[in-house]
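One structure is given here, and the rest of the page talks about it.
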Amino acid sequence: MPHVSPSPAPALFLHDSQRRATVPFQPLDPAHIKVYYCGPTVYDLAHIGNLRAMLTADVLVRLLRTLYPRVTFVRNITDVDDKITARARANGEDIGALTQRTTAEFHQDLASLGVLPPDIEPRATHNIGEMQAMIARLIENGHAYAAQGHVLFSVGSFPSYGALSGRNPDELEAGARVEVAPYKKAPGDFVLWKPSDADQPGWDSPWGRGRPGWHIECSAMSHRYLGDSFDIHGGGSDLLFPHHENERAQSLCCFPHSQFANYWVHNAMLLVDGEKMSKSLGNFLTIRDVLAQAPAEALRLLLLGTHYRSTLNYTQAGLNEARKTLDRFYRALSSVPDVPATPVPQTVLAALAEDLNTPRAIAELHVLANQAMGGDREAAGALKAGGALMGLLQGDPAQWFRGESSAEEDAAIENLITERLAAKKARDFTRADALRDQLQAQGIVLEDTKDGTNWRRA
Ligand SMILES: [Zn+2]
């Protein structure tokens, strides 16, 4: 991670969903920042909508690590869920094998995008005891009740329910009426524990063999790894209600003197060609679908090109545009020999400190690229350091222009270039030009410099 330049670090502002405003970030303990993000439910490949939340977290954590001495970032894995059980059954696959395979695929996909791993990545199934302890405590405190093998959270017992998502209780009740179940005292009450059939995953509990409802796992895992109050809780805006509202209710009722999350960060949704991504519309894109047609940094730049709180419209044209922008940045880096190691530029840092303003930070990278192309070495260093803060420009410029090719293809090209240099040395310019034309016909562009010949794909 690059170091901050000696100038004072800019103050960080974040939009907090609960305060419904962009406010100065005040850590509970500036010596140790604590962040929790809801991770994936592991039953299928991650799509680019999932990626948007993971990437927002990545930039946020990279920025926090630049501004503060220590950050603990926890992101969970949901490995017990009815969607997982259904998919394992449909695949004829063991549940454990499905969740393990999908978790590994998720890790691979994020690694190829340069998303840094969390410090702690707890799995729901490793925290069933913690969930049961919280549920028992909620029953003791009068915030939950057991009925017909279920345990439900009593929404009416928590006057501040709805404060996070900004919904009023009547509205919530009207919305919940559709799923009235006989074991619920009130329609808005939600499940903490539910009974399992013999062929469903289950754990013994004081309420019978069963499994947790989804929401309780994040309350249990954030408490176990970050304590009862921590700085930032994040996720996609689709999690704001009911998931995060319910997490907050559980945690505050279990630990009444805590604050739970001090700031709530939510990224907006992602559309594909102006429409919500869905398998039936045929516009459903996994991370792998996109990486099959473009370099990972192009996808990353495309996603960071829209502010995280604005709806992002993914298009092929946008992906091509992101690729061209990276061509430009890498050309700027390659225009300067031996790019110096430089602190993160204040302009980029200030843009990100302003509620993760990535579009402005990218605009600042363009300014630095212009200066670098004019021969400014410091600007080239700042471009690289500013890019690194967003997980961009991590590659070798020459490699970027060569693109994805096999070592054999590269070796064949290098051989032709060596042959051409030998022809030039022997003043056989006809032969040298013929070799250049042959390479050009293969889509290889040569650039002669005083240090030798560079090549790239056109
Ligand atoms: Zn969660």
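Here, residue 1 is the first one in the sequence, and each next residue gets the next number. Only a predicted model underlies this, so the values are computations on that prediction, with no experimental measurement involved. Atoms within each ligand, like the ligands themselves, are counted from 1 in listed order.
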Would you call D44 and K279 a salt bridge, taking side-chain N to carboxylate O under 4.0 Å as the test?
-> yes
Restricting to N/O/S, name the atom of E247 that gets closest to the Zn ion (ligand 1).
-> OE2
May I ask you to check if any N/O/S atom from H215 comes under 2.8 Å of the Zn ion (ligand 1)?
-> no
Option among L192, D189, I139 that satisfies the side chain to side chain contact (heavy atoms under 4.5 Å, CB included) test with Y145 | D189
More than 12 heavy atoms of other groups within 6.0 Å of R70 CZ = no
May I ask you to check if R19 and Y263 form a cation-pi contact, with NZ or CZ under 6.0 angstrom from the six-membered ring centre and within 45° of the axis?
-> yes
Identify, by name, the N, O or S atom of H243 lying closest to the Zn ion (ligand 1).
-> NE2
